[in-house]
Every structure is written in C-alpha cells, then in structure tokens.
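See structure below.
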Number of protein chains: 2
Amino acid sequence: MAKAKRILKWQRDPEGMRLRILEAAKQEFAAHGLAGARVDRIAEKAGANKRMLYYHVGNKEDLYLEVLEGTYEKIRAEERTLDLEHLDPPEAIARLIDFTWNYFLRNPEFLALLNTENLARAKHLKRSTKVKSMHSPFVEMIRAVVTRGVESGNFRAAVDPVQLYISIAALAFFYLSNSATLSVIFGRDLLKKEARDERLDHMIALVLAALTGKSTAAFGRMEMPTLQPVEHQVM
Amino acid sequence: MAKAKRILKWQRDPEGMRLRILEAAKQEFAAHGLAGARVDRIAEKAGANKRMLYYHVGNKEDLYLEVLEGTYEKIRAEERTLDLEHLDPPEAIARLIDFTWNYFLRNPEFLALLNTENLARAKHLKRSTKVKSMHSPFVEMIRAVVTRGVESGNFRAAVDPVQLYISIAALAFFYLSNSATLSVIFGRDLLKKEARDERLDHMIALVLAALTGKSTAAFGRMEMPTLQPVEHQVM
DNA sequence: ACAGTATTTATCCAACGGGTTAATTTCTGT
DNA sequence: ACAGAAATTAACCCGTTGGATAAATACTGT
C-alpha cells in the first residue's frame with residue numbers, strides 16, 4: 001500500500017486526559033470567563049477532541065463547576081498547612097496575609113474564576129455540596145488565632161474571624177484582580193517587584209496596626225513611598 | 001379600510017435614544033460581562049431596534065467602552081462633591097469610606113463592569129484618553145487629607161494616597177463584588193442590613209485605627225459580632 | 001409644499017459555537 | 001485470539017449572534 005501503516009496512533013490515558021482537560025478549562029475560563037470561554041479552545045489546549053470533554057466531564061457548565069470546586073479545594077488545602085496555631089498571634093496573622101497575597105500572585109486564575117462566579121451570582125457554587133463544607137475549619141483556624149491574641153493581650157478586640165478574613169482577602173484580591181485598570185487610571189505599574197513588596201508591607205501594617213493598636217516595624221515603611229513623586233510615574 | 005391608520009407611529013428622539021441605549025447596555029454588560037452580553041437584549045431593553053445601536057454608538061465594543069467611561073466619570077464626579085478639605089482628617093477618611101461603600105452599594109454595575117474590564121486586562125480602558133486624565137485630582141484630594149492629618153498629629157504616618165485609596169476601595173469592593181460566593185462559603189447572608197452596617201463599621205475602624213493608632217468608638221463594636229454563633233447560620 | 005436629511009424599522013445572512021451522532025481504535029478479561 | 005467495553009476521532013447539526021442592507025418614516029429648512 002502507498003500509505004504505510006500509521007506508526008504511532010494514540011494511547012489511552014483516561015486519568016491524564018481528564019486532568020489535562022480540567023487544567024485547560026481552568027486556563028480558558030480564567031482568561032475569558034464562562035461566556036467567553038470556547039469549548040473548542042479547551043479541547044485544543046488539552047490536546048484532545050471536543051467530544052472528550054463531554055465524555056469525561058460533561059457539558060460546559062459541568063466543566064466549569066468542576067474547575068471551580070478544584071480551585072477552592074486547592075487554596076483551602078494549602079491554608080491548612082500554614083500551622084498558625086504555633087505562632088504568636090501577630091505573627092500568625094502576618095503569615096496568613098503573606099500566604100494569601102502570594103497565593104493570589106501565584107494563582108491568578110483563582111481571582112478570575114471567583115470574579116466570573118460572582119458575575120453569575122454564585123449560581124453554580126450554590127449547587128456544589130463539596131465547597132460549603134470545607135470552610136468551617138478554616139474559619140475556626142482564624143478564630144483560634146484571634147482568641148489567643150486577645151487572651152495574650154496582643155489584640156485589642158476579638159474581631160469576627162469572617163470579617164477579618166474578608167478584609168485580608170480583600171486587600172490582596174482587589175489589588176491584584178484589578179491591577180490592570182488600577183495601573184491605567186493611576187498611571188503606574190502595580191505589578192512590578194517594588195510595588196508588590198510595598199503592597200505586602202502595607203497590608204500587613206494596616207491589619208496588624210488595627211488589631212494590636214501598636215505601630216509595627218513594617219508600618220514605619222509606609223512613610224517612605226509617599227516621599228516619591230508618585231503621580232505621573234509612567235508605567 | 002379594515003386596518004385603520006396607525007394612531008401613534010413613533011417620534012424622533014436621538015438624545016433620549018442614545019441615553020436609553022447606554023443605560024440598557026450598562027445593565028446588560030454588568031449582568032453578563034462583555035462576552036455574555038447580547039446586542040439584541042440591549043436593543044430590546046432600550047426599546048429600540050438593534051440597528052440603532054450601530055447608528056448611535058457603534059459596534060459592541062465601542063458601546064462597551066462608552067459605558068465604561070461613563071461609569072468612571074460618574075463616580076469621580078460624585079467624589080469631587082465630597083468636600084473633604086473642610087473636615088478633620090479622620091472625619092474626612094471616614095467620609096470617604098462611607099461614600100465609597102454606599103456608592104458601591106447603590107451602583108452594583110460599577111463593580112461588575114470593572115471586573116469585566118479587568119478580565120480583559122484593561123484592554124479597552126487603555127484605548128481611552130478620557131479616563132486617564134480624571135484621576136490625578138482625585139489622588140491629590142486624598143493626599144491633601146493625609147498631609148493635613150500628619151501635620152495635625154492625627155495620623156502617625158504619611159501613607160501613599162494611592163495605596164490608601166486602593167485599600168479603602170478594596171475593603172468595600174471585594175466584600176460587595178464577591179458577596180455571592182462569600183455568602184455561600186461562609187453560610188451567611190452578607191447583604192442583609194445588619195451585615196452591611198457591621199461591615200461599614202469594621203472598615204472605618206480598621207483604616208482609622210491603622211492611620212491614627214487610636215481605638216475609635218466604632219472599633220469597639222468589632223467585638224460584638226464574634227459572640228454570635230457565626231457558623232452554619234443559614235442564609 | 002417639497003426636497004433632502006436624520007432617524008427608525010424590517011429582514012437577512014454568514015460565521016460561530018455548543019452539543020450530538022456514528023464510526024474507529026485501543027484495551028481487558030477469559 | 002477474540003468479544004465486549006472503554007477511549008478517541010471525525011463529521012455534522014442547528015440555534016444563536018453580531019453585524020449588514022435596504023426600505024420606510026419623521027423632521028427641517030426653504
């Protein structure tokens with residue numbers, strides 16, 4: 001025959017395929033949102049056929065929910081390894097802030113996915129049974145730190161742990177998630193190394209100052225940036 | 001004739017039409033994002049024909065940019081009326097926080113539109129000449145407050161005004177923009193009246209405590225919520 | 001009145017995009 | 001070996017959607 005027998009056809013790899021699909025979907029949903037994501041692109045990025053998505057996961061929305069659940073699972077899992085119990089309360093909070101900040105930096109898709117889900121008013125997340133259950137321990141972890149902080153006299157008031165965590169997440173999330181528009185309107189690159197370092201200092205200083213009522217070493221650094229001619233600094 | 005002459009046909013109203021189109025587009029883009037927005041729905045909501053969008057504004061992306069610019073213009077315009085110069089620095093900051101919070105509450109489309117634009121990495125905003133220019137005065141307004149606060153001895157450190165504003169916006173923006181997912185994962189309704197009031201107190205207390213180093217009346221209230229059995233409180 | 005222009009309506013269409021059908025190929029147990 | 005199941009491919013279907021064309025209708029100045 002003119003056409004020789006094809007040498008390498010394909011091998012089966014259901015688990016690998018599934019993972020590649022989910023990873024590709026995560027990238028695609030994060031980059032374009034739910035409506036903007038293209039099933040064909042996901043298939044292509046996964047090195048697969050579009051039919052595979054439906055075979056291994058389900059339709060577009062199922063795919064999306066699975067990605068979202070995996071995303072939450074990942075961050076909460078990493079947080080569990082933080083070992084805050086053995087740190088001084090202020091240290092523990094600083095560590096939580098540091099971790100959150102760096103996690104968001106390392107995982108920009110997380111931010112985008114959450115925004116996408118909130119645009120949908122958490123329609124999909126509400127259907128998820130997995131996600132709801134994984135947050136009580138996390139809240140308790142923070143509550144324990146706060147309680148210790150109050151008892152040891154380090155913290156002035158026993159803040160609501162949910163409120164506190166939302167604030168910590170907010171300071172990091174908003175800065176990074178909105179860095180594109182903020183960089184444009186304020187005319188400076190918020191993602192460059194120095195800006196990032198400065199932001200982390202600022203966040204830790206802000207939260208610890210409020211909790212402890214004392215100025216920290218880091219807080220002192222808040223003075224420095226102001227002296228720079230901050231406006232019109234081209235990106 | 002069986003079919004009588006149509007009584008009311010239609011009147012011309014170019015300006016009104018344009019406004020209705022932009023308002024409808026704002027709602028649509030905010031509700032569904034750029035990719036999810038439907039040109040037909042915008043036309044319908046505006047009480048217009050789809051052709052009108054193209055006649056009065058341009059294609060979908062032009063429409064989107066115009067909405068976005070209008071959105072920024074509106075918030076910055078309202079901020080200019082805040083009159084922070086005549087307030088005590090801590091009062092001025094509290095007022096800015098209060099305003100920002102309530103503006104976000106009153107204008108949820110603003111949050112959604114910014115998120116959408118950040119998903120697109122500010123691609124459209126970068127094309128806009130209008131938007132960039134309107135922010136220097138705003139930053140200066142905040143800088144002036146901070147400077148006065150330091151001079152009067154109210155504030156411990158001269159924080160970078162951009163950094164400070166980003167933090168203020170972050171505390172309000174993230175809470176509201178992500179209220180859907182946060183309400184699900186923490187199992188409580190973050191948008192109900194008491195929760196909103198509590199949040200505003202918390203934000204003001206947090207920022208002022210960090211700036212002034214002193215506990216405020218509002219900060220005392222941070223203690224209360226913790227005593228509630230916060231977990232598993234059904235929405 | 002009436003001609004010319006501005007505004008609005010009524011259709012149409014080509015491309016796209018999610019999802020499906022059916023055929024093909026690899027793997028597994030016996 | 002081989003039958004049946006699992007995994008993968010190729011091709012197609014059909015409603016949707018952004019955008020375009022052309023015709024109709026209201027307004028304006030003269």
Side-chain angles (χ1 to χ4, degrees), chain A residues 1 3-29 31-68 116 120 123-124, chain B residues 1 3-29 31-68 116 120 123-124:
Chain A
M1 278 177 72
K3 178 157 50 170
K5 190 186 284 181
R6 275 158 279 174
I7 326 103
L8 266 176
K9 318 215 52 166
W10 49 273
Q11 304 174 34
R12 288 186 174 186
D13 181 15
E15 306 83 10
M17 176 91 289
R18 197 186 150 83
L19 289 180
R20 271 166 22 230
I21 288 172
L22 287 173
E23 178 60 30
K26 180 163 82 180
Q27 299 305 328
E28 178 72 10
F29 286 126
H32 304 282
L34 178 50
R38 291 294 166 260
V39 172
D40 289 283
R41 277 199 301 249
I42 295 175
E44 192 188 15
K45 269 185 244 177
N49 188 285
K50 181 165 57 161
R51 181 68 182 79
M52 295 280 78
L53 313 188
Y54 293 88
Y55 182 75
H56 285 288
V57 184
N59 63 23
K60 195 183 182 185
E61 294 215 337
D62 292 342
L63 196 49
Y64 168 77
L65 178 56
E66 197 124 344
V67 165
L68 195 61
T116 293
K123 179 176 121 183
H124 313 87
Chain B
M1 280 177 71
K3 178 159 49 171
K5 189 188 285 179
R6 276 158 279 173
I7 327 101
L8 267 176
K9 317 213 55 164
W10 49 273
Q11 304 175 33
R12 289 186 174 186
D13 181 14
E15 306 85 10
M17 175 93 289
R18 196 186 152 83
L19 289 180
R20 265 156 40 220
I21 287 172
L22 287 174
E23 177 61 29
K26 180 163 82 180
Q27 299 305 328
E28 177 72 10
F29 285 127
H32 304 283
L34 179 49
R38 293 295 166 257
V39 173
D40 289 283
R41 277 200 298 251
I42 295 175
E44 192 188 14
K45 271 185 243 176
N49 190 285
K50 185 164 54 160
R51 180 67 182 80
M52 296 280 77
L53 314 187
Y54 295 89
Y55 181 77
H56 285 286
V57 183
N59 63 23
K60 193 183 181 184
E61 293 214 337
D62 292 343
L63 195 51
Y64 169 76
L65 178 56
E66 196 123 344
V67 165
L68 195 62
T116 293
K123 179 177 123 185
H124 314 87

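Chain letters run A, B, ... following the sequence lines, proteins first and then strands; every chain starts at 1. Remember, predicted model here, so these are calculated numbers, not experimental data.
A straight line from CZ of Phe29(A) to C1' of dG18(C) spans 12 Å, rounded to a whole angstrom. Atom pair Glu44(A):CD and dG17(C):P shows a separation of 13 Å (rounding to whole Å applied). Rounding to whole angstrom units, CG of residue Leu53(A) and C1' of dG17(C) are separated by 13 Å. With rounding to whole Å, Tyr55(B) atom OH is found 16 Å from dT21(D) atom P. Atoms CG (Asp13(B)) and P (dT28(D)) sit 12 Å apart, rounded to a whole Å. Counting to the nearest Å, the C1' atom of dA6(C) and the CG atom of Asn49(B) are 15 Å from each other. When the P atom of dA22(D) is taken as reference, atom CE of Met52(B) falls 17 Å away, rounded to whole Å. Here the P atom of nucleotide dA7(D) and the CZ atom of Arg51(A) are 12 Å apart, to the nearest Å.
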Show me the side-chain donor-acceptor pairs of residues 41-55 of chain A shorter than 3.5 Å, one per line, residues at least two apart or across chains.
residue, atom, partner, partner atom, Å
Arg41(A), NE, Glu28(A), OE1, 3.3
Arg41(A), NE, Glu28(A), OE2, 2.7
Arg41(A), NH2, Glu28(A), OE2, 2.7
Arg41(A), NH2, Gly36(A), O, 3.2
Lys45(A), NZ, Glu28(A), OE1, 2.7
Asn49(A), OD1, Arg51(A), N, 2.8

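For His124(A), the side chain to side chain donor-acceptor pair (under 3.5 Å) partners at least two apart in sequence or on another chain are Glu117(A). The side chain to side chain donor-acceptor pair (under 3.5 Å) check on Glu61(B) picks up nothing, with sequence neighbours excluded. With sequence neighbours excluded, the residues satisfying salt bridge (Lys or Arg N to Asp or Glu O under 4.0 Å) with Asp62(A) are Arg127(A).
An OP1 or OP2 oxygen of dA6(D) is reached within less than 4.0 angstrom by no side-chain nitrogen or oxygen of His56(A).
Shown here for Thr116(B) and Phe29(B), the closest heavy-atom pair between the two residues is OG1-O, 4.3 Å.
Residue side chain Arg12(A) does not reach the base of dT8(D) through any donor-acceptor N/O pair under 3.5 Å, judged by distance alone.
Using a cut-off of 4.0 Å between Lys/Arg side-chain N and Asp/Glu carboxylate O, Lys26(A) and Glu23(A) are scored as salt-bridged.
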Show the distances under 3.5 angstrom between N or O atoms of the protein and N or O atoms of nucleotides 16-19 of chain D.
residue, atom, partner, partner atom, Å
dT17(D), OP1, Arg38(B), NE, 2.5
dT17(D), O5', Arg38(B), NE, 3.4
dG18(D), OP1, Ala37(B), O, 3.0
dG18(D), OP1, Arg38(B), NH1, 3.2
dG18(D), OP1, Lys60(B), NZ, 3.3
dG18(D), OP2, Val39(B), N, 3.1
dG18(D), N7, Lys50(B), NZ, 3.1
dG19(D), OP2, Tyr54(B), OH, 3.0
dG19(D), OP2, Lys60(B), N, 3.2
dG19(D), N7, Lys50(B), NZ, 3.0
dG19(D), O6, Lys50(B), NZ, 2.6

